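Okay, so here's the structure we're looking at.
Computed from a prediction, not measured in an experiment: that's the story for all the values here. Each residue takes its place number in the sequence, starting with 1.
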Amino acid sequence: MPHSQFISSFEIDSISRTEVLRYLGYAGQEYSTNLDDALTREIGRALAISTPKGTGQIFEVERMDPSVPRVVLKDTALVLDGEDMQKHLAGAKEVGVFAVTLGMANERELRRLSLTDRLSHVLFDAASVALVERAADAAEAEMVRRAAEEGLFCNWRFSPGYGDLPLETQPTLLAALNAQRLLGITLSPSLLMTPTKSVTALVGLFDEPQKSTHMSCAKCVCHDFCSFLAHGRTCHERRR
């Protein structure tokens, strides 16, 4: 049977300015004080308007079929196709699946700015991308915590559309999480999510620690949301 599903709102009060600049294509070039002030304003606006939240669930691996290749999850219609999934989940006992979103207030502001202020729209969009990735970090941290409760270890998250995992995985992934009802995420005929600042992903759960960002706390994407560090532990050490 699948594990209990979590539904969480994430308290995020900051995002990395460096990350926002990266999404803007910044490569060390100088920019004006006015632009810097506008960037600060739009980062603040994204944090104030958005309501980051997510949901996730852990499913057992029913079988892996290398000849297709395909990973089938138990008690769900969700099937993960592609050689990348075979490699990413090789040896996994379970798979954690999650979705996060910034909500419709963020989406409405994106639309408003696209019609009224092109510069603010570009900056707000980049800030929102950085923010939804932070929400994904928080959801991933929750998966890591749940894995540790079972004595298991996670690898890094992988999303539909990456590598050869088809974007067509989105409908069954969102349905498996009941994400439309719980988070308000819908799909267009071209498989684009609304709210557009939404992310879906999955992680493998293994008996042994995996080579991933979680092996270094300093560089781990889950660092700011980690429930282990406060107790002097890490997610990649065995529980005594």
Side-chain angles (χ1 to χ4, degrees), residues 1-8 54-100 133 135-180 182-183 185 187 190-193 198-216 219-222 228 234-239:
M1 294 294 291
H3 299 253
S4 62
Q5 186 169 3
F6 75 80
I7 306 165
S8 300
T55 186
Q57 195 161 353
I58 295 172
F59 300 95
E60 294 180 20
V61 174
E62 184 170 295
R63 70 177 187 276
M64 294 192 183
D65 187 351
S67 63
V68 176
R70 172 173 292 169
V71 179
V72 178
L73 303 185
K74 193 174 182 180
D75 298 312
T76 175
L78 182 57
V79 174
L80 307 172
D81 289 320
E83 293 183 0
D84 288 329
M85 281 295 92
Q86 283 284 313
K87 295 176 183 177
H88 192 65
L89 299 176
K93 296 181 64 176
E94 299 175 323
V95 177
V97 182
F98 63 88
V100 299
E133 288 296 331
D137 294 342
E140 185 176 344
E142 176 61 18
M143 284 297 180
V144 171
R145 186 189 69 78
R146 288 180 170 231
E149 288 181 347
E150 299 183 51
L152 300 176
F153 305 88
C154 287
N155 61 358
W156 45 275
R157 67 178 180 260
F158 202 109
S159 292
Y162 289 2
D164 63 358
L165 178 61
L167 194 59
E168 287 75 14
T169 306
Q170 292 283 43
T172 49
L173 189 157
L174 291 169
L177 296 175
N178 200 9
Q180 181 171 354
L182 297 177
L183 301 180
I185 299 176
L187 281 175
S190 59
L191 302 179
L192 296 178
M193 290 185 285
S198 301
V199 170
T200 60
L202 56 92
V203 294
L205 279 65
F206 304 82
D207 283 322
E208 299 294 332
Q210 302 295 297
K211 291 182 179 179
S212 75
T213 54
H214 303 308
M215 297 304 289
S216 170
K219 297 182 179 180
C220 180
V221 298
C222 301
F228 298 95
T234 72
C235 68
H236 50 266
E237 67 184 7
R238 292 196 174 278
R239 301 186 73 177

Kindly give the heavy-atom pair with the smallest separation between [X] and [Y], and that separation in Å.
X: V100; Y: A135; value: CG1-O, 3.7 Å
X: G204; Y: A92; value: CA-CB, 4.4 Å
X: A139; Y: F98; value: CB-CD1, 3.5 Å
X: L205; Y: V203; value: CD1-O, 3.8 Å
X: D81; Y: M85; value: O-CG, 3.8 Å
X: P166; Y: P160; value: O-CB, 3.8 Å

*Under the side-chain contact (heavy atoms from CB on, under 4.5 Å) criterion, do V61 and K74 qualify, and how do the steps go?*
CA-CA 6 Å; V61 174; K74 193 174 182 180; over 6 Å; no
Atom [atom1] in [X], atom [atom2] in [Y]: separation rounded to 0.5 Å?
X: Q86; Y: L165; atom1: CD; atom2: CG; result: 12.0 Å
X: L167; Y: S159; atom1: CG; atom2: OG; result: 10.0 Å
X: E168; Y: L173; atom1: CD; atom2: CG; result: 13.0 Å
X: Q210; Y: L152; atom1: CD; atom2: CG; result: 10.5 Å
X: Q5; Y: S8; atom1: CD; atom2: OG; result: 10.0 Å

Under 3.5 Å: donor-acceptor pair, side chain of [X], backbone of [Y]:
X: D164; Y: D84; value: yes
X: H88; Y: W156; value: yes
X: E62; Y: E60; value: no
X: T55; Y: F6; value: yes

*Using the side-chain contact (heavy atoms from CB on, under 4.5 Å) rule, take E94 and F59 through it: C-alpha gap first, then chi angles, then the decisive distance, then the call.*
CA-CA 6 Å; E94 299 175 323; F59 300 95; over 6 Å; no
*Take L202 and L80 through the test side-chain contact (heavy atoms from CB on, under 4.5 Å) and record every step on the way to the result.*
CA-CA 10 Å; L202 56 92; L80 307 172; 3.7 Å; yes
_E133/R157 ion pair, N-O < 4.0 Å_ =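 Answer for the salt bridge query: yes.
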_L73 and its side-chain contact (heavy atoms from CB on, under 4.5 Å) partner, picked from L89, V79, L78, T172_ =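 Exactly one option meets the side-chain contact (heavy atoms from CB on, under 4.5 Å) with L73, and it is L78.
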_Given M193, which partner from the list I185, V199, L183 fulfils the side-chain contact (heavy atoms from CB on, under 4.5 Å) test?_
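Among the candidates, only I185 passes.
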*Does CD belonging to E83 count more than 12 external heavy atoms closer than 6.0 Å?*
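Not more than 12 within 6.0 Å, no.
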*Which is it for R70 and D65 under the salt bridge (Lys or Arg N to Asp or Glu O under 4.0 Å) test, yes or no, and what are the steps along the way?*
CA-CA 5 Å; R70 172 173 292 169; D65 187 351; over 6 Å; no
*Take E149 and R146 through the salt bridge (Lys or Arg N to Asp or Glu O under 4.0 Å) test and state the conclusion after the steps.*
CA-CA 5 Å; E149 288 181 347; R146 288 180 170 231; 6.0 Å; no
*asked:* Checking S190 now: which residues fulfil side-chain contact (heavy atoms from CB on, under 4.5 Å) with it, not counting sequence neighbours?
replied: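 So S190 forms a side-chain contact (heavy atoms from CB on, under 4.5 Å) with S188, L192.
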*Does one side chain, of Q170 or T200, offer a donor that lies under 3.5 Å from an acceptor on the other?*
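Distance-only check passes for Q170 and T200.
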_If you apply the rule side-chain contact (heavy atoms from CB on, under 4.5 Å), what do you find for L177 with V97, and how did you get there?_
CA-CA 8 Å; L177 296 175; V97 182; 4.0 Å; yes
